Amino acid sequence: RAGQLGRNRIEWYDAYLEEQLVRRMDLERELPGAASRGELDLVYQPVLGLHDGQPVGAEALLRWRSPALGTVLPSELLPVAEDLGVIGEIGQWVLQQSCRQLASWDPRLWLSVNVSPIELAAPDFVSQVAATLVTNRLAPERLVIEIAEGRVGADTPTVVTQLAGLRALGVRTALDDFGAAQASLAHLRRLPIDILKVDRALVGEQGTRQNGGIAKPLIDVVVSVGRRLGMEIIAEGLESGAQIEQARAAGCQLGQGFALAHPAPAERFEAFLAERLTQPN
Ligand code: C2E
Ligand code: MG
Ligand code: MG
Ligand code: MG
């Protein structure tokens with residue numbers, strides 16, 4: 001009986017591994033050339049002022065519309081792209097498409113583009129950004145480049161150099177997912193960062209009991225340190241009114257999340273702007 005159970009488990013495990021392997025092979029076969037075949041797409045998630053609900057910018061998020069595999073999310077495609085060495089061509093497309101879109105929007109808005117450490121470390125990354133800004137006649141301050149805190153690893157000096165290079169162009173830099181894996185003071189001190197994106201892991205934090213009382217929620221501490229370092233703070237992953245309230249109470253000026261607005265294709269994002277963005281006086 002025990003033997004039968006064991007065998008079922010092994011069969012289940014085999015089937016699971018096989019499924020994973022087949023999926024991986026499908027991704028590896030289809031992904032190269034996806035950019036040049038026109039299969040990549042961007043959706044845009046608004047970033048709003050928490051005091052007035054005004055859109056101030058957006059984040060560009062990658063979608064792969066694969067004819068063979070359907071829509072594939074970045075969490076699945078990015079590791080494959082990095083392993084295959086095609087992250088560079090994908091990143092190039094993302095940057096160019098982002099800047100083209102941004103140039104067509106209200107000049108008060110900025111757009112944030114995610115980059116992996118591999119893209120950032122490319123020796124010509126900063127000059128490619130510079131060229132794309134010129135091509136699209138964009139004010140550099142309207143572009144934000146995001147790097148996830150959890151991926152600022154062993155090669156911190158390269159990250160520092162490249163972020164500083166972007167800043168020298170006038171481009172703004174953001175530290176993404178702060179607090180998801182770590183919440184390192186060293187990162188806050190050492191990295192040339194303009195915008196701190198506080199991960200939803202901290203936004204959900206309700207504070208811990210300490211010395212018989214309730215300690216300040218971690219988000220309060222992170223926001224006050226970030227502000228003291230002159231950073232703009234965005235609370236990410238806001239999914240409820242309570243979380244919006246908590247972020248606002250902690251001193252976050254800006255927020256992003258499903259409770260405020262979902263990521264949407266360009267046309268729907270533009271409709272959102274038309275409805276929500278007040279006219280300049
Ligand atoms: P991220 O930069 O932290 O982007 C936010 C992610 O959280 C997005 O997932 C977004 O759809 C999702 N999100 C937004 N609001 C909420 C919310 O209220 N609740 C929850 N649970 N999730 C929310 P997405 O689009 O699947 O992207 C995942 C990650 O992939 C991004 O995380 C970013 O690290 C990476 N990524 C996305 N686009 C690109 C790209 O063009 N290039 C690179 N290198 N990385 C990208
Ligand atoms: Mg991001
Ligand atoms: Mg994030
Ligand atoms: Mg994230």
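All ligand and atom numbering here is 1-based and tracks the order in the structure. Computed from a predicted model, the values in this text were never measured in an experiment.
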Per-atom filter on ligand 1: closer than 4.0 angstrom to a heavy atom of Gly257 are 15 (N), 18 (O)
message = Looking at Asp194, is its backbone amide N or carbonyl O close enough to the side chain of Thr173 to form a donor-acceptor pair, meaning the two atoms are under 3.5 Å apart?
response = yes
Going by the 4.0 angstrom heavy-atom rule, the piece of Gln256 near ligand 1 is neither
Taking only non-hydrogen atoms of Asp177 and a 4.0 Å limit, the atoms of ligand 1 in range are 3 (O)
- Item | Flag side-chain contact, heavy atom, 4.5 Å: Leu191 against Thr156 | yes
Discussion item. Using modelled atom types and a 3.5 Å cut-off, is there a donor and acceptor pairing between side-chain atoms of Asp52 and backbone atoms of Gln54?
Written reply: yes
Taking the side chain from Arg276 and the backbone from Gly53, do they hold a donor-acceptor pair closer than 3.5 Å? yes
>> Using heavy atoms and a 4.0 Å limit, tell me yes or no: is Ala148 in contact with ligand 1?
In response: no
Taking only non-hydrogen atoms of Ser116 and a 4.0 Å limit, the atoms of ligand 1 in range are 44 (N)
Exercise for review: Flag the pair Arg23 and Asp26 as a salt bridge only when some basic side-chain nitrogen lies within less than 4.0 angstrom of an acidic carboxylate oxygen.
Suggested key: no
- prompt: Counting distance only, does the side-chain N/O of Gln253 pair as donor-acceptor with the main-chain N or O of Gly49 below 3.5 Å?
  reply: no
ask   = Taking atom types as modelled and ignoring hydrogens, do the side chains of Trp110 and Glu141 form a donor-acceptor contact shorter than 3.5 angstrom?
value = no
* Asked: Is a side-chain N or O of Gln243 found less than 3.5 angstrom from the main chain of Glu239, in a donor-acceptor match?
  -> yes
Taking distance alone, with N or O pairs closer than 3.5 Å, would you say Phe258 contacts ligand 1? yes
Here the gap from Leu277 atom CG to Glu270 atom CD, rounded to the nearest 0.5 Å, amounts to 12.0 Å
Short version for Leu78: what comes under 4.0 Å of ligand 1, heavy atoms counted, is side chain
Report task. Examine distances only and state if a side-chain atom of Arg142 and a backbone atom of Leu111 form a donor-acceptor pair shorter than 3.5 Å. Result -> no
Numbered in order shown, the ligand 1 atoms found under 4.0 Å of a heavy atom of Arg63 are 11 (O), 24 (P), 25 (O)
Which of Glu149, Glu232, Glu146 passes side chain to side chain donor-acceptor pair (under 3.5 Å) with Lys197? Answer is Glu146
Tell me, please: is Arg200 in heavy-atom contact with ligand 1, that is, under 4.0 Å?
yes
Within the 4.0 Å heavy-atom cut-off, what Glu59 brings close to ligand 1 is side chain
Note: ligand 1 atoms sitting under 4.0 Å from heavy atoms of Asp176 are 1 (P), 2 (O), 3 (O)
In ligand 1, the atoms that come under 4.0 Å of a heavy atom of Glu239 are 17 (C), 18 (O), 19 (N), 20 (C), 21 (N)
So the protein N/O/S atoms within less than 2.8 Å of the Mg ion (ligand 2) come down to Glu59 OE2, Asn114 OD1, Glu146 OE1, Asp176 OD2
With heavy atoms and a 4.0 Å threshold, my read on which part of Lys197 contacts ligand 1 is neither
The reported gap from CD1 in Ile193 to CD1 in Ile147 (rounded to nearest 0.5 angstrom) is 8.5 Å
If we number the atoms of ligand 1 from 1 as shown, the ones under 4.0 Å from a heavy atom of Val115 are 44 (N)
Numbered in order shown, the ligand 1 atoms found under 4.0 Å of a heavy atom of Leu238 are 18 (O)
Margin query: Are more than 12 heavy atoms, taken from residues, nucleotides or ligands other than Arg65, located less than 6.0 Å from that residue's CZ atom?
Written below: yes
Checking heavy atoms under 4.0 Å, the part of Val94 that sits near ligand 1 is side chain
Separation between CG (Leu42) and CG (Leu62), nearest 0.5 Å, reads 6.5 Å
